[in-house]
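Remarks on the structure that follows.
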Amino acid sequence: MKLFFSLLLLLSTIISLSRHCIARGGLWGSVPSGLNTSGGASHARHLFEDHQTQSQTSTFDLSGGYMTNSDLEMAIKDFGRRCSNISRIYSIGKSVNGVPLWVIEISDKPGEEEAEPAFKYIGNVHGDEPVGRELLMFLANWLCDNYLKDPLATLIVENIHLHILPSLNPDGFSLRRRNNANDIDLNRDFPDQFFPINENEDARQPETRAIMNWLREIKFTASATLHGGALVANYPWDGTQDKRTNYYGCPDDDTFRFMASIYSHSHHNMSASTEFLGGITNGAAWYPIYGGMQDWNYIHAGCFELTLEVSDNKWPKAAELPVLWNYNKMSMLNLVASLVKTGVHGRIFSSVDGRPLPGSITIKRINYTVRAGKHLGNYHRLLVPRERYEVIATMPGYKSKNTSIWLDKGPMTVDFILDPEVSVKGAVLQNIYDCNCSTKCKLGFVEFPWGAHLEVCFVLILILGFICFYQRRIRVNSVGPKRTAV
Ligand SMILES: *[C@@H]1O[C@H](CO)[C@@H](O)[C@H](O)[C@H]1NC(C)=O
Ligand SMILES: *[C@@H]1O[C@H](CO)[C@@H](O)[C@H](O)[C@H]1NC(C)=O
Ligand SMILES: *[C@@H]1O[C@H](CO)[C@@H](O)[C@H](O)[C@H]1NC(C)=O
Ligand SMILES: [Zn+2]
């Protein structure tokens with residue numbers, strides 16, 4: 001019976017795929033071969049133009065081969081059915097004209113809270129910049145097709161919760177203009193750090209409110225919005241206090257330059273930019289904007305957001321979309337994967353009962369706080385690799401702990417176990433469940449050179465963990481923290 005359903009599913013997938021080939025006017029598989037091979041991109045462009053002529057005669061072409069809003073909705077729902085094992089479809093609200101703002105979450109455990117970082121991609125913030133919404137559907141489908149086949153796809157699906165909102169501004173798209181149906185630029189509609197604009201939440205656009213509520217619900221470690229009209233990876237700050245066009249870095253300037261470079265370096269044309277050194281730019285150094293989504297994400301949502309300009313031409317011929325996907329593919333994947341391939345990660349626990357704590361992580365000399373997850377106490381701190389850092393964990397009611405680390409090229413796990421503070425009256429808050437041994441374990445690990453001897457370290461953790469656990473069992477006969485060490 002199960003086999004029968006699998007076959008049925010496979011059949012319907014093949015049918016829906018072949019339907020897409022016709023409707024979208026050009027997937028890789030349907031490119032005719034053996035044509036003029038005089039040169040890279042232009043060659044591909046000619047191929048797709050040929051193909052488009054073909055499809056125009058046979059099917060509809062209302063928006064020049066781009067997905068209409070209902071095509072996009074259908075594509076998202078088809079995706080949800082086809083890839084239900086690694087995805088979940090949900091809406092974060094509606095546009096002014098009532099179009100649902102659909103999101104695809106991709107993960108091996110979609111919708112479940114895990115101690116993993118989350119990334120979000122948002123496309124089509126500006127209605128007349130539709131390349132992003134198409135690229136994001138390419139991305140989702142590529143991940144689904146390559147999960148358990150390609151190591152990068154598998155890494156992303158298994159270790160990250162990737163949320164994709166292909167279109168934030170479907171009304172602007174159907175009106176073929178930048179602003180939403182109320183003629184408001186959504187990338188100027190967020191509260192600003194310098195100027196009191198958009199302070200009244202009820203006066204904000206429904207699309208903006210949807211994003212703000214979304215970020216109250218889900219903790220994203222990093223994100224990117226896809227725009228068009230230039231070719232560059234833009235990072236905070238976007239605005240300056242004096243409204244002048246000047247480089248104005250945020251506390252995490254180095255981290256952001258590193259992130260933006262990950263995108264740019266994987267993109268041949270972007271990294272070769274003659275306009276922007278290395279294909280990246282500080283927003284304020286380019287042109288200051290106020291009420292933007294990027295700065296708001298960093299300040300209020302703990303989310304490191306980039307603004308990616310992915311194509312000089314805002315509305316290129318639809319036949320070029322697969323070429324643009326090819327240009328951006330590795331950049332899009334590498335940026336998401338960087339959440340687990342770099343940075344400091346870990347969890348914060350209470351030494352009293354091993355309970356995860358929703359504490360905070362700061363890095364000495366960087367004036368920025370990353371909050372740990374409310375339920376799992378997990379934190380994910382992006383940082384420039386190959387540097388020494390002092391990581392500080394805090395939690396109200398607990399004593400802060402700090403540790404000095406050398407962050408190598410790869411990621412690093414640093415867990416913290418915090419002891420409760422002694423109350424003002426001198427009464428010790430620690431109760432009978434407290435276990436001193438975890439402190440000992442921790443001390444032993446503070447200065448341990450992690451990157452160099454991972455295996456040794458792992459074995460030591462296992463042994464110490466076992467000892468801790470065992471001692472604890474004997475003393476208080478209760479289950480202690482799952483992980484110890486720094
Ligand atoms: C192949 O490309 C060259 C150079 O772009 C052009 O001169 C020639 O006409 C093309 N041939 C065909 C068959 O399209
Ligand atoms: C990208 O770079 C290639 C090779 O340098 C060039 O031929 C092509 O026109 C560029 N494409 C875009 C969209 O900039
Ligand atoms: C740190 O940042 C906050 C705003 O997030 C600011 O109010 C404060 O003055 C900054 N502190 C330092 C030492 O720069
Ligand atoms: Zn834009």
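In this chain, residues are counted from 1 in sequence order.
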N/O donor-acceptor pair under 3.5 Å between K219 side chain and R371 backbone
yes
Shortest non-hydrogen contact from A337 toward I160:
CA-CD1, 4.0 Å
Within 45° of the ring axis of F190 and under 6.0 Å from its six-membered ring centre, is that where the NZ or CZ of R204 lies?
no
Is it true that K399 and E421 make a salt bridge, defined as a side-chain N closer than 4.0 Å to a carboxylate O?
no
Check whether any side-chain heavy atom of T342 lies under 4.5 Å from a side-chain heavy atom of L382, and answer yes or no.
yes
Take atom CZ in R216; do more than 12 heavy atoms of anything else shown fall under 6.0 Å from it?
yes
Do R178 and N187 have side-chain atoms, one donor and one acceptor, less than 3.5 Å apart?
no
Side chain proximity check, E309 to L231, heavy atoms < 4.5 angstrom:
no
Hey, can you tell me if F256 and Y298 have their rings parallel, tilted or perpendicular (30° and 60° cut-offs)?
perpendicular
Between Y327 and H267, what is the ring plane arrangement, given parallel below 30°, perpendicular above 60°, and tilted in between?
tilted
What distance separates N69 CG from S174 OG, expressed to the nearest 0.5 Å?
5.0 Å
Does N328 reach the main-chain N or O of L324 with its side chain, forming a donor-acceptor pair under 3.5 Å?
yes
side-chain contact (heavy atoms from CB on, under 4.5 Å) for W237 and Q294? Distances and angles first, verdict last.
CA-CA 8 Å; W237 301 121; Q294 174 185 271; over 6 Å; no
Do L306 and M259 touch side chain to side chain, with heavy atoms closer than 4.5 Å?
yes
Are the ring centres of Y389 and W406 closer than 6.0 Å?
no
Distance from I361 atom CD1 to I392 atom CD1, nearest 0.5 Å?
9.0 Å
Do Y398 and S350 have side-chain N/O donor and acceptor atoms under 3.5 Å apart?
yes
Test side-chain hydrogen bond (donor to acceptor under 3.5 Å, both in side chains) on D185 and H126 and set out the steps.
CA-CA 7 Å; D185 185 336; H126 291 135; 2.8 Å; yes
Min side-chain heavy-atom separation L339-H380 under 4.5 Å
no
d(R81 CZ, I76 CD1) to nearest 0.5 Å is 12.0 Å
Is there side-chain contact between D150 and W142, with at least one heavy-atom pair below 4.5 Å?
yes
Is atom CD of E199 surrounded by more than 12 heavy atoms (other residues, nucleotides or ligands) closer than 6.0 Å?
yes
Validate the cation-pi geometry between R88 and Y90: distance from NZ or CZ to the six-membered ring centre under 6.0 Å, angle to the ring axis within 45°.
yes
Is it the case that the side chains of Y66 and D71 hold a donor-acceptor pair, with the cut-off being a distance below 3.5 Å and no angle test?
no
Do W102 and L72 have side chains that get closer than 4.5 Å, going by heavy atoms?
no
Given 3.5 Å as the limit, does a donor-acceptor pair link the side chain of E134 with the main chain of M67, or not?
yes
Given side-chain hydrogen bond (donor to acceptor under 3.5 Å, both in side chains), test N182 with Q205 step by step and report yes or no.
CA-CA 8 Å; N182 289 335; Q205 297 306 303; 2.8 Å; yes
Check the pair N159 / E116 against side-chain hydrogen bond (donor to acceptor under 3.5 Å, both in side chains), numbers first and verdict last.
CA-CA 6 Å; N159 299 289; E116 292 181 357; over 6 Å; no
Heavy-atom closest pair (A301 atom, L215 atom, distance to 0.1 Å) is CB-CD2, 3.2 Å
Just by distance, with hydrogens left out, do Q193 and Y290 show a side-chain donor and acceptor under 3.5 Å apart?
no
Distance-minimising heavy-atom pair for S107 and E114
OG-OE1, 3.9 Å
If you measure from the Lys or Arg side-chain nitrogens to the Asp or Glu carboxylate oxygens, is any gap between K401 and D419 under 4.0 Å?
yes
What I want to find out is whether E207 reaches K94 closely enough, with some N-O distance under 4.0 Å, to be called a salt bridge.
no
Using modelled atom types and a 3.5 Å cut-off, is there a donor and acceptor pairing between side-chain atoms of D408 and backbone atoms of G410?
no
State whether the side chain of S273 and the backbone N or O of N269 hold a donor-acceptor pair below 3.5 Å, judged by distance alone.
no
Does the distance from a Lys or Arg side-chain N to an Asp or Glu carboxylate O, for R257 and D252, drop under 4.0 Å?
no
Indicate the atoms forming the closest heavy-atom contact of L101 with A210, along with that distance.
CD1-CB, 3.9 Å
When you look at NZ of K314, are more than 12 heavy atoms from neighbouring residues, nucleotides or ligands closer to it than 6.0 Å?
yes
Does any non-hydrogen side-chain atom of N297 lie less than 4.5 Å from one of M293?
yes
side-chain hydrogen bond (donor to acceptor under 3.5 Å, both in side chains) assessment of N246 paired with T240:
CA-CA 7 Å; N246 269 331; T240 51; over 6 Å; no
Verify the ring-centre separation between F173 and W315: is it less than 6.0 angstrom?
yes
Between CH2 of W214 and CD1 of I218, what distance do you get to the nearest 0.5 Å?
7.0 Å
Are K243 and F195 in a cation-pi contact, defined as NZ or CZ under 6.0 Å from the six-membered ring centre and within 45° of the axis?
yes
Check: F304 ring centroid to F220 ring centroid under 6.0 Å:
no
Distance-only, no hydrogens or angles: does the E105 side chain make a donor-acceptor pair with backbone N or O of H163 under 3.5 Å?
no
Might you point out which heavy atoms bring A181 and N97 nearest each other, and give the distance in Å?
CB-ND2, 3.7 Å
Heavy-atom side-chain proximity of L418 to F349 below 4.5 angstrom
no
Here the pair of heavy atoms bringing V344 nearest to L407 is CG2-CD1, 4.1 Å
Side chains of D171 and S95: do they bring a donor and an acceptor to under 3.5 Å?
yes
Between S404 and E390, a side-chain donor and acceptor under 3.5 Å
no
The salt bridge (Lys or Arg N to Asp or Glu O under 4.0 Å) partners of R386 (sequence neighbours excluded) come to none
Could you check whether any side-chain N or O of R177 sits under 3.5 Å from a backbone N or O of N180, counting only pairs where one atom can act as donor and the other as acceptor?
yes
Taking Y263's backbone N and O only, do any of them form a donor-acceptor pair with S331's side chain (distance below 3.5 Å, no angle check)?
yes
Stepwise side-chain contact (heavy atoms from CB on, under 4.5 Å) test for T221 and F119
CA-CA 6 Å; T221 298; F119 189 100; over 6 Å; no
Return the CD1 to CG distance between I366 and D254, rounded to the nearest 0.5 Å.
7.5 Å
Please check this pair: side chain of N282 against backbone of Y248, looking for a donor-acceptor N/O pair closer than 3.5 Å.
yes
Between N234 and T281, does any side-chain donor sit less than 3.5 Å from a side-chain acceptor?
no
Between S264 (side chain) and A233 (backbone), is there a donor-acceptor pair under 3.5 Å?
no
Please determine, by modelled atom types, if H345 and N378 share a side-chain donor-acceptor pair under 3.5 angstrom.
no
